[in-house]
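Protein chains get the first letters and strands the later ones, always in sequence-line order, with residue 1 at the start of each. The structure displayed is predicted, hence computed values, not measured ones.
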There are 2 protein chains.
Amino acid sequence: MTKKSKHSVTIRDVAKKAGVSVATVSRYLNSNAPVSVATSKRLKKVMKDMLYVPHAAARHLASKKTRVIGLLVNNLHNDFFVPLLNGVEAVIQGRDYNFMIATYREGSRHLPPPVGPHNTDGMLLFSDGLSDEALVALNTRNYPIVLVHRTPPEFTKIPSVTVENKKITIELMEHFIKKHGKKRIIFMRGPANQEDSYWRELGYRHVLKANNIPFDEKLILNGGFDRDVAYESMNKFLSSENRVEFDAIFTGSDDAAIGVLKALQQYSIRVPEQVSVAGFDDLGFARFLNPPLTTVRAPTEAVGRIATERLFNLLEDRIEEGVVLLPTEIVIRRSCGCQFESSLDE
Amino acid sequence: MTKKSKHSVTIRDVAKKAGVSVATVSRYLNSNAPVSVATSKRLKKVMKDMLYVPHAAARHLASKKTRVIGLLVNNLHNDFFVPLLNGVEAVIQGRDYNFMIATYREGSRHLPPPVGPHNTDGMLLFSDGLSDEALVALNTRNYPIVLVHRTPPEFTKIPSVTVENKKITIELMEHFIKKHGKKRIIFMRGPANQEDSYWRELGYRHVLKANNIPFDEKLILNGGFDRDVAYESMNKFLSSENRVEFDAIFTGSDDAAIGVLKALQQYSIRVPEQVSVAGFDDLGFARFLNPPLTTVRAPTEAVGRIATERLFNLLEDRIEEGVVLLPTEIVIRRSCGCQFESSLDE
DNA sequence: GTCATGGATGTAACCGGTTACAGTAACCGG
DNA sequence: CCGGTTACTGTAACCGGTTACATCCATGAC
C-alpha cells in the first residue's frame, strides 16, 4: 500500500513521465493533430511501460462520445438472438466500439430505459417496451436509433430493418391448405405487440379468407415465440375438455415449435401424420428436429449486421432512413407432411 | 435551434430550477444523505418536468463506479450462450447495473481487452484470450473478476464457476462401451485451450485406458463446439481416402452434434443404428433432434447466475474465492442407441 | 441559558480526459 | 530579408457529476 492501490495511471502521469503536456498525449491517443515522430515513439513506450489505459468515463465526458452502442430487447429467452447478436458483434468488432445489452419491456421497473442518450451513442431497438412517442422523442433529439423488426412510427423516417412476414406466411399457409389439404390450422401468436406476430397473423387471416375457411378464435393460441410458453399453451389446449379439431399448427417461431412438438409428443400425436407443423426463423437446429421442421428462413444475422451498419452510418452523420425489408423463404422439410426421404434439401 | 439542441439537462439546471444546490440534487439522486421531504418532492417534480437523466460518464468519473459489468467471451457463435446470458441478465436486472458484452480471443487486434477496469466495475471471463498472468495482474489490482468455465491460475483464489466435465465424460464413455459395445469412439475437441474440452478429453483418455482400448490419434477431431466447424471437420473425416473405422462420436457439445448429424446424414450413415452420437450441454433443442440426442445436462443458466452473483459479492466487498463446481448429469435419449420408444424421459 | 447534536443545505475542489486558443520554430516563395 | 504557412506543442477551461468541509438552525440535556 505505498500509494492508493486503486489509483490508476492518468494522462497527466504519462505526460509528466514523457516530458510533454497532456494535450500532446491526448493528440497522440486520438491522432487528431500532428505529433512529431520522436514524441510519438516516446509516448508509445511510456504508455506501455506504465500500462496506461485511458479512463473511458473521462473520455466520454469530455468528448461527448461514449463509443458504446446499446441493444434493447424484450428478453433473451430465445436462440433467435444468437444470430442477431453475431450480426451486431461482427460489425462492432471492426470499429472500436462497445456493446451494451439491456432487456426492457412494457412497464419495466425503471422508467427511463437502461440504455439511451445518457450512456450510449445510439441504439438498436428490438423491443416493444418503448412507445412510438418515446421513439419520436428520441429521434427529434437527434439520438441515433435503428429499429429492428419494427415499423417506424408514422411520419418519421427512423431507419428500420426487418424481414418479410406477411407474404411468406401466406405462402406457407397456402402450402398447408393446397398441398396437404389442411383446414383447421392453429396460429400461435408471438408476444403481445410483437410486430412480426402481427404481420404473420395478417397473412394467416388473409389466407383463410381467400380459401373460404372460417376464422376460429379457438385456433389462436399464444406461443410467445418461446418454447416454454408455447409448450404450456399447447398443453393447455390439448388438455381442454372441449378441445376443437385441428390438423396443422403454425407455431410462429422455431423456438415455439420445440415446445409444440414436445406437447404433441406427450399426447402421442404424430407429426406430420396427424398434424402438420411449421415454424419460422430456420434456426440452426430446425433441420434436425424430429421430424425435420418445415419453416421460413429468416436472415437474422444479416438483420443484425445491416441494422448495426445503418446505426454506424447515423453515428458518422450519413443519412439513413426508411425500412430495409429482407426477403424470407420457405424451407420445406418433413414436419408439414412433405415426404422427403431425408432432408437433403441443400 | 434556440439553444444547442444537443445540450441536455444537467444537474445544475435542475438545481437552479428547484432553487437548491447541486449537492442537494446529487444527494437526492443517490439518497446517501438526508434531504427534506419538501425538497425531495420538489426535485422529483422538477426532474420529471425537465426529463432529467443523469449523465452516466460524469457520474462514473466522479464516483469511480461505472455500474457496468462486462462479459468477455471468445465468440458468440453458439446457442450455448442463450442460457448463459439469461443467467447473467436475471441477476443484473435486479441491481441497477448495465451489461457489456465483448468478444476477445488470443491475438485479438486490440491489445487491451475491450472491457476491463477502464470501463467496467468487474467482469465475467469466459474466454481464453487472457493469459493467466493477465488474470493475476487484474486480480492483484483488486479488479473484481469471476472466471466462467475456467480454473483459477495457481496460487490465486480468483472465484470461478464451472461444471463437472471429467467424471461425467467418463460415465458417458462407459455407457458407450459397456452398454453399446463401442470401441472406436471419435472424440471432438472444442476450441484450442478451451478448458471444458481439456477435461472432457482427460475423461475420454481415462476411459480408454481403463477399458484397454488403444488411443488412436485419428479418432480425435476438432469440433470447436461449433456446428459449422464440427460439420466441416466431420465431412473431411468422412471423405478421407483412408478413413478409419469408428462406431461412436462424442461431439463435445450439442451445437457440434448438429453439425455432426448433418454430415453423417449426408453420407447416409444412420444414427444410432450404425454409430452412436452424444453431445454435451442439453440445449433446448437436444431432445428434439433426429434422433433425440443423448447428452450431458449442464446447468448453464445457473452458471451465469451464480457467476454474476459472485461478481456482485465482490463488488460489494464480500469475500468470494475458489471454485464452484456445478454437477452435470447424463441424459439418455436415442442417439446413443438406447431404444426408448419416444423420449418421454421426463 | 448554554452547549452539544443532528438534520438540511451550500461552496467549491476534484474525477481524467478533450480542445480552443495561443505560441514558437522552421520553412518557403518572392 | 520578410510575411505567411505549416508542424508541433503548451495552458487552462470545460464536460457533469460527487463529496469533503463548512454553515446554519432547531432540538434537547443539563
How close or far is atom C1' of C:dC15 from atom CG of B:D121, stated in whole angstroms?
15 Å
Pair A:D13 + A:K17, salt bridge at N-O below 4.0 Å:
no
Please determine, by modelled atom types, if A:D121 and A:Y97 share a side-chain donor-acceptor pair under 3.5 angstrom.
yes
Donor-acceptor pair, A:T39 side chain versus A:V35 backbone, under 3.5 Å?
no
Spell out yes or no: do the side chain of A:R59 and the base of C:dG16 have one donor N/O and one acceptor N/O closer than 3.5 Å?
no
So, the side chain of A:S26 versus the backbone of A:V22: is there a donor-acceptor pair under 3.5 Å, distance only?
no
Overall bend of the helix from C:dG1-D:dC30 to C:dG30-D:dC1 (five pairs an end, 10° steps) is 30°
Please determine if a side-chain N or O atom of A:K65 lies less than 4.0 Å away from the OP1 or OP2 oxygen of C:dT18.
no
Kindly indicate, with the supporting measurements, whether the criterion side-chain hydrogen bond (donor to acceptor under 3.5 Å, both in side chains) is fulfilled by A:E320 and A:N313.
CA-CA 7 Å; A:E320 276 290 353; A:N313 281 341; 2.7 Å; yes
Are any protein N/O atoms closer than 3.5 Å to N/O atoms in nucleotides 8-11 of chain C? If there are, list each pair with its distance.
| residue | atom | partner | partner atom | Å |
| --- | --- | --- | --- | --- |
| C:dT9 | OP1 | B:S36 | OG | 3.0 |
| C:dT9 | OP1 | B:T39 | OG1 | 2.4 |
| C:dT9 | OP2 | B:S36 | N | 2.8 |
| C:dG10 | OP2 | B:S21 | N | 2.5 |
| C:dG10 | OP2 | B:S21 | OG | 2.9 |
| C:dG10 | OP2 | B:T24 | OG1 | 2.8 |
| C:dG10 | N7 | B:R27 | NH2 | 2.7 |
| C:dG10 | O6 | B:R27 | NH1 | 3.2 |
| C:dG10 | O6 | B:R27 | NH2 | 3.4 |

Separation of D:dG17 atom P from A:H60 atom NE2, nearest Å, is 16 Å
Taking the six-membered ring for Trp, is the centroid-to-centroid distance between A:F81 and B:F81 below 6.0 Å?
no
Check step by step if side-chain hydrogen bond (donor to acceptor under 3.5 Å, both in side chains) holds for B:T103 and B:N75.
CA-CA 5 Å; B:T103 60; B:N75 62 63; over 6 Å; no
Whole-Å distance between C:dC15 P and B:N119 CG?
20 Å
For a quick check of understanding: with a heavy-atom distance under 4.0 Å over all strands, which category does B:Y28 fall into, base, sugar-phosphate or nothing?
nothing
By nearest nucleotide on DNA chain C, pick out whichever of A:A62 and B:S63 is the more 5' one.
B:S63
Is B:S26 close enough to D:dT18 that one of its side-chain N or O atoms is under 4.0 Å from OP1 or OP2 there?
yes
B:N30 CG to D:dG17 P, in whole Å, measures 11 Å
Nucleotide D:dG10, atom P - distance to NZ of A:K16 in whole Å:
14 Å
Evaluate whether atom CD of A:E154 has more than 12 neighbouring non-hydrogen atoms of other residues, nucleotides or ligands under 6.0 angstrom away.
no
For D:dT19, take OP1 and OP2 only and decide whether either is under 4.0 Å from a side-chain N or O of B:N32.
yes
Do the numbers put B:R150 on top of the ring of B:F126, so that NZ or CZ is under 6.0 Å from the six-membered ring centre and no more than 45° off the axis?
no
Under 3.5 Å between N/O atoms: give me all the protein pairs with nucleotides 24-28 of chain C, atom names plus distance.
none

Passes side-chain hydrogen bond (donor to acceptor under 3.5 Å, both in side chains), A:D226 versus A:H77? Steps please.
CA-CA 7 Å; A:D226 178 292; A:H77 309 307; 5.5 Å; no
Can you tell me the distance, in whole Å, between the NZ atom of A:K64 and the P atom of C:dG17?
18 Å
I'd like to know if the side chain of B:Y143 pairs up with that of B:T120 as donor and acceptor (distance under 3.5 Å, no hydrogens or angles considered).
yes
Can you tell me how far P of D:dG16 sits from NE2 of A:H55, to the nearest Å?
17 Å
Check: A:R67/B:N119 side-chain N/O donor and acceptor closer than 3.5 Å:
no
